[in-house]
Amino acid sequence: MSILIIAEAGVNHNGSLELAMEMARKAKEAGADIVKYQTAVPELVISKFAEKAEYQKQQTGAGESQLEMVRRIHFDFEGHRKLKAYCDSIGITYLSTPFDLPSIDFLESMDPPFYKIPSGEITNLPYLEKIAGLKKPVILSTGMCEMAEIQAALEVLRAGGCPRVTLLHCNTEYPTPYADANLRAMEDLARQTGCPVGFSDHTLGIECDIAAAALGAVVIEKHFTLDRNMEGPDHKASLEPDQLAAMVQAVRHVEQALGSGHKAVTASEAKNRPVARKSIVAARSIRAGETFTAENLTTKRPGDGVSPMLWHQVLGQKAKRDFAEDEKIEL
């Protein structure tokens, strides 16, 4: 099964349904499998006392609360219904992360293939229980988490009837410093939980996504935007459409290059064996009946004659006919 690539539009549409649709089109053109958004009733997610994260203050200023910011960059359930219809019409899978219980109910009415749980909800027991009860597969991001918190969330999901959980290693800083990406943590997640693993990437480039593919990620999620210079909290840590397309292509190339893991001659290289390998040939003219020796034999290309691996078996035998210099030996 190929790596599932999720283009994370998030709230980079800035509350505009038209921009959200354009992002779906660009994600489709880039080759992503899924375009993902965020669904929320802001007042049910964020208290009026909650401050912005530091990176949000840097990108959008400190003059408004987190709630005020989020109100500006979300649209309502009906907008999401229209957005899903548009995604269906252009042939890309719509997905959205719910951030509150009514948003889960709304998204369930559109029968999503699975649920994506963000890192911030991994300790939200009522939320986890509600999603588990829907008995659909889950992709769970693990940013900001200790292993014990991940195990506790898995227990809730499994006890509630969730049939399959895929864990995404994630660092919840925007952008993530490369030194904090810690890609090998995917292997630790897989070893300790038995779950398939992937990577939700917040670094600026595409190198970590390529490396994650090589390390066995089954899902790769990456933020993207139409323009990194747009106003909003996540644009600076997102890829633009051409970068997203380059990432998708690179991941697909790595996916092909990983192969079966079985060492064997491939069809593409088989034709080059005689060109690159050598045969035992006459180092000088050899007359019929002369004994083959290390002095009158050598090894040269092409490799479609007697293999040099038979060198010691050939030495001491008699030439059955005359051989010119460079002529392949026959036994």
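Keep in mind it's a predicted model, so treat the numbers as computed, not measured. Computed from heavy atoms alone, side chains included, the values below leave out hydrogens, waters and symmetry copies. The residues of the chain are indexed from 1 along the displayed sequence.
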* Asked: Nearest 0.5 Å, what's the CG-CH2 distance between L297 and W311?
  -> 5.0 Å
* Asked: Thinking salt bridges, do R252 and D33 make one under a 4.0 Å N-O criterion?
  -> yes
* Any sub-3.5 Å donor-acceptor pair from D201's side-chain atoms to K222's backbone N or O? -> no
* **Path from F99 to M69 over hydrophobic side-chain contacts below 4.5 Å** => yes
* So if you build clusters from Ile, Leu, Val, Met, Phe, Trp, Tyr with side-chain heavy-atom gaps below 4.5 Å, do I122 and I104 land together? -> yes
* Asked: Just checking, is any N or O donor in the side chain of T291 or K318 under 3.5 Å from an acceptor N or O on the other one?
  -> yes
* Roughly how far, to the nearest 0.5 Å, is CG of N12 from CD of Q38? -> 8.5 Å
* To do: With sequence neighbours excluded, give me every side-chain hydrogen bond (donor to acceptor under 3.5 Å, both in side chains) pair touching residues 138-151.
  => K116-S141
* **Salt-bridge present (K36, E8; N to O < 4.0 Å)** => yes
* Without swapping roles, check the side chain of Q243 against the backbone of E240 for a donor-acceptor pair under 3.5 Å. => yes
* Considering only NZ, NE, NH1 and NH2 on the basic side and carboxylate oxygens on the acidic side, decide whether D322 and R287 come within less than 4.0 Å. => no
* Taking all non-hydrogen atoms of both residues, which atom of A40 and which atom of S103 are closest, and how far apart? -> CA-OG, 3.3 Å
* Asked: Does the pair D304/K328 count as a salt bridge with the N-to-O cut at 4.0 Å?
  -> yes
* Are V45 and Y115 grouped together when hydrophobic residues (ILVMFWY) are joined by side-chain heavy atoms under 4.5 angstrom apart? -> no
* With sequence neighbours excluded, what pairs up with Y94 under the ring pair (Phe, Tyr, Trp, His ring centres under 6.0 Å) test? -> Y37
* Could you pull out all residues at least two apart from T298 that satisfy side-chain hydrogen bond (donor to acceptor under 3.5 Å, both in side chains)? => none
* Asked: Does any N or O in the side chain of R228 come within less than 3.5 Å of the main-chain N or O of K236, such that one atom is a donor and the other an acceptor?
  -> yes
* Under-4.0 Å salt bridge between K130 and E121 -> no
* To do: Could I get the full list of side-chain hydrogen bond (donor to acceptor under 3.5 Å, both in side chains) partners for Q192, not counting sequence neighbours?
  => D188
* Y174 and Q56: side-chain donor and acceptor closer than 3.5 Å? -> no
* Asked: When you measure from the side chain of Q66 to the backbone N and O of E51, does any donor-acceptor pair fall under 3.5 Å?
  -> yes
* Is a salt bridge present between R284 and E295, judged by a nitrogen-to-oxygen distance below 4.0 Å? -> no
* **salt_bridge(E187, R184) N-O dist < 4.0 Å** => no
* Basic-acidic side-chain contact under 4.0 Å: K82, E18 -> no
* Give a yes or no answer on whether the side chain of S109 reaches the backbone of F106 with a donor-acceptor pair at less than 3.5 Å. => yes
* Could you tell me whether the side chain of K135 and the main chain of A132 form a donor-acceptor pair under 3.5 Å? => no
* **Side-chain heavy atoms of R72 within contact of E64, under 4.5 Å** => yes
* Asked: Do F224 and M247 belong to the same hydrophobic cluster, where Ile, Leu, Val, Met, Phe, Trp and Tyr are linked whenever their side-chain heavy atoms lie under 4.5 Å apart, directly or via other members?
  -> yes
* Nearest 0.5 Å please: distance from the CD1 atom of I220 over to the CG atom of L4. => 9.5 Å
* Spell out, yes or no, whether M21 and M110 are grouped together once hydrophobic residues are joined by side-chain heavy atoms under 4.5 Å, including indirect joins. => yes
* Any pair counted as ring pair (Phe, Tyr, Trp, His ring centres under 6.0 Å), so long as it reaches residues 275-294, sequence neighbours left out -> none
* Determine, for K136 against E108, whether the closest basic-nitrogen to carboxylate-oxygen distance falls under 4.0 angstrom. => yes
* Tell me yes or no: between the side chains of N14 and S16, is some donor less than 3.5 Å from an acceptor? => no
* Structure fact -> Applied to residues 157-173, the side-chain hydrogen bond (donor to acceptor under 3.5 Å, both in side chains) test, sequence neighbours excluded, yields N171-T176
